[in-house]
Amino acid sequence: CGQTPQENQGKLQVVTPVYPVYDVVKKVAGDRADVTLLVPPGAEPHDWEPTASDLKKIGQAKVFFYNGAGLEPTDQILKKEITRDATVVELSQGLDLLKLQDDDDHDHDHDHDADHHDEDHHDEDHHAEGHHHHHHGGVDPHVWLDPQNVMKEAAVVADALAKADPAHADAYRANAKKYQDELAALDKDMDAALSSLANKNLVVSHEAFGYLAARYGLTQIGIMGVDADAEPTPDRMAQLVEFIREHDVRTIYSEELVNPRLADAIAAETGAVVRVLNPIEGLTAAQEKAGYDYIKLQRENLTTLTAGQQ
């Protein structure tokens, strides 16, 4: 990111909006490409609105990778006058997307196909200040929480980079293979630890962990559904308290970027403890400085889950 234009000359210019996309692209690109991340450290990706400068960067890229599945405001980005000559690659395309749970508390639109692009399905209120808002069309965008999805994404990234920069195709494919091996080791460790947990009920403040739960045989129970700003009704809170007592749930998982107030309230009432589980939507400035990446954060999640699900 901090290179001068002179140093960048000759390098493939790649732009990514959100951290989970940036991380896999960076791993596959290695030092062959200049990869820019648009959402800054510590920012909530669901709130991201591209600036004029962000849109300009997208237009200057050779390749623009994005998550899709409703995570980014594609209605603002995917216009020919914005993307210009950039090759546009949606990483969630071709993955098995989870439909959002129908729930009385969450008013989601389920009418269209999971793999249908959702440029047309935007709510008008996603400009509300500080609003944790998903642009999803009835699907869960957090595909990266399943390492096997990231393995598939690495192959897609390698193909796109090889096409854009054929001279370094072998390097991209080799980097992808190396990263897939690391992800396979992570997946194996997660599977071994999580599939043998006694308590498979995962009570989370915000339903970001559906793919992780589905992969490793856990059941996700969200206090707030997918939109972390949607306040649960008193009935919903009472049901959760009852569920936690009945199923001997010891831990409620909150997130760094979500207010733990509701999780704390339920924990106080049930005697459960609150632990932080990371949806890996972005790094904090401190994590970035300390050299954290997706695999390191997932391994921390694994430690947290192993301790919390006793």
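FYI, the numbering just counts along the sequence from 1. Since the structure is predicted, the reported quantities are computational estimates derived from the model, not experimental observations.
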ask   = Are Lys79 and Ile82 close enough, and set up right, to give a side-chain contact (heavy atoms from CB on, under 4.5 Å), and what steps lead you there?
value = CA-CA 5 Å; Lys79 296 175 173 166; Ile82 300 299; 4.0 Å; yes

ask   = Can you tell me if Glu281 uses its side chain to pair, donor with acceptor, with the backbone of Pro45 under 3.5 Å?
value = no

request  = Would you give the length of the straight line joining atom CD of Glu72 to atom CH2 of Trp48, rounded to the nearest 0.5 angstrom?
outcome  = 7.0 Å

query = If you round to the nearest 0.5 Å, how far is CD of Gln309 from CG of Leu197?
reply = 6.0 Å

ask   = Under the side-chain contact (heavy atoms from CB on, under 4.5 Å) criterion, do Leu218 and Phe209 qualify, and how do the steps go?
value = CA-CA 10 Å; Leu218 306 173; Phe209 300 94; over 6 Å; no

key: Side chain Tyr211, main chain Pro147, donor-acceptor under 3.5 Å   = no

message = Quick check for you: to the nearest 0.5 Å, what is the distance between Arg236 atom CZ and Phe243 atom CZ?
response = 9.5 Å

inquiry  = If you define the side chain from C-beta out and look only at heavy atoms, does anything of Leu12 sit under 4.5 Å from Val35?
reply    = no

ask   = With a cut-off of 6.0 Å (strictly less than), are more than 12 heavy atoms of other residues, nucleotides or ligands near NZ of Lys289?
value = no

Check: Asn301 side chain, Asn278 main-chain N or O, donor-acceptor pair, under 3.5 Å = yes

remark   = CD of Glu288 to CG of Asp293, rounded to nearest 0.5 Å, is 12.0 Å

request  = Could you tell me how the ring of Tyr19 sits relative to the ring of Tyr22: parallel (under 30°), tilted (30 to 60°) or perpendicular (over 60°)?
outcome  = tilted

key: Sole candidate of Val21, Val89, Val28, Leu95 that passes side-chain contact (heavy atoms from CB on, under 4.5 Å) when paired with Glu153   = Leu95

request  = Indicate whether the side chain of Tyr179 and that of Asp23 have a donor and an acceptor atom separated by less than 3.5 Å.
outcome  = yes

Min side-chain heavy-atom separation Ile244-Glu269 under 4.5 Å = no

request  = Indicate yes or no for a side-chain donor-acceptor contact from Thr74 to the backbone of Gly70 under 3.5 Å, with no hydrogens or angles considered.
outcome  = no

key: Glu256 and Gln287: CA distance, side-chain angles, deciding distance, side-chain contact (heavy atoms from CB on, under 4.5 Å) verdict   = CA-CA 12 Å; Glu256 279 174 4; Gln287 286 167 339; 3.6 Å; yes

query = In this structure, are over 12 heavy atoms from other groups packed under 6.0 Å from Lys200 atom NZ?
reply = yes

request  = Test salt bridge (charged side-chain N to carboxylate O under 4.0 Å, His left out) on Asp159 and Arg173 and set out the steps.
outcome  = CA-CA 8 Å; Asp159 284 346; Arg173 294 213 156 79; 2.8 Å; yes

message = Are Val88 and Phe65 connected into the same hydrophobic cluster when the rule is that any two of I, L, V, M, F, W, Y join if their side-chain heavy atoms are below 4.5 Å apart?
response = yes

note = To the nearest 0.5 Å, atom CG of Leu38 lies from atom OG1 of Thr16 at 6.5 Å

note = Closest non-hydrogen contact found for Leu277 with Glu255 is O-CG, 3.6 Å

request  = Write down the atom of Pro141, the atom of Leu71, and the distance for their closest heavy-atom approach.
outcome  = CB-CB, 3.9 Å

ask   = How far apart are the closest heavy atoms of Val14 and Leu161, and which atoms are they?
value = CG2-CD2, 3.9 Å

ask   = Is there a donor-acceptor pair under 3.5 Å between the side chain of Lys80 and the backbone N or O of Arg84?
value = yes

query = Is Asp54 reaching over with its side chain to a backbone N or O of Thr51, donor-acceptor style, under 3.5 angstrom?
reply = yes

inquiry  = With a 4.5 Å cut-off on side-chain heavy atoms, are Met224 and Leu262 touching?
reply    = yes

request  = Of all the heavy-atom pairs spanning Gly308 and Arg250, show the shortest one and how long it is.
outcome  = O-CB, 4.2 Å

key: Whether Lys62 side chain and Ala86 backbone form a donor-acceptor pair below 3.5 Å   = no

query = Do Asp187 and Tyr216 have side-chain N/O donor and acceptor atoms under 3.5 Å apart?
reply = yes

query = Is a donor on one side and an acceptor on the other found under 3.5 Å between the side chain of Asn67 and the backbone of Pro20?
reply = no

task = Report yes or no: do Val39 and Leu297 belong to one cluster of Ile/Leu/Val/Met/Phe/Trp/Tyr joined by side chain heavy-atom distances under 4.5 Å?
result = yes

message = Using side-chain heavy atoms (C-beta onward) and a distance below 4.5 Å, is Arg32 in contact with Lys11?
response = no

message = In the structure I gave you, are the side-chain heavy atoms of Leu97 and Ser92 within less than 4.5 Å of one another anywhere?
response = yes

Ring centroid separation Trp144 to His142 under 6.0 Å = yes

remark   = From the list Val249, Val203, Ile252, side-chain contact (heavy atoms from CB on, under 4.5 Å) partner of Ile266 resolves to Ile252

ask   = Which value, rounded to the nearest 0.5 Å, describes the distance between Ile295 atom CD1 and Leu302 atom CG?
value = 12.5 Å

Pair Gln13-Gln60, side-chain donor/acceptor within less than 3.5 Å = no

inquiry  = Quick check: closest heavy atoms across Glu90 and Gly68, and the distance to 0.1 Å?
reply    = OE2-CA, 3.3 Å

inquiry  = For a 4.5 angstrom cut-off between non-hydrogen side-chain atoms, does Val204 reach Gln220?
reply    = yes

ask   = Are Val274 and Met237 connected in the hydrophobic side-chain network, where two residues link if heavy atoms are under 4.5 Å apart?
value = no

ask   = Are there more than 12 heavy atoms of other residues, nucleotides or ligands under 6.0 Å from atom CG of Asp96?
value = no

task = Would you indicate whether the side-chain heavy atoms of Pro50 and Pro73 approach each other to under 4.5 Å?
result = yes

inquiry  = Tell me whether Val276 shares a hydrophobic cluster with Leu283, the cluster being built from Ile, Leu, Val, Met, Phe, Trp, Tyr side chains joined at under 4.5 Å.
reply    = no

ask   = How about Ile280 and Leu145: do any of their side-chain heavy atoms sit closer than 4.5 Å?
value = yes

remark   = Heavy-atom nearest pair, Ala162 first then Ala169, reads CB-CB, 3.6 Å

request  = Walk me through it: do Ile77 and Phe64 pass the test side-chain contact (heavy atoms from CB on, under 4.5 Å)?
outcome  = CA-CA 10 Å; Ile77 297 169; Phe64 173 64; 3.5 Å; yes

Worked check of salt bridge (charged side-chain N to carboxylate O under 4.0 Å, His left out) between Arg299 and Asp189 = CA-CA 9 Å; Arg299 290 202 172 272; Asp189 291 348; 2.9 Å; yes

task = From the options Leu91, Asn149, Val156, Leu183, select the one residue that forms a side-chain contact (heavy atoms from CB on, under 4.5 Å) with Val24.
result = Leu91

ask   = Does Thr270 reach the main-chain N or O of Val241 with its side chain, forming a donor-acceptor pair under 3.5 Å?
value = no

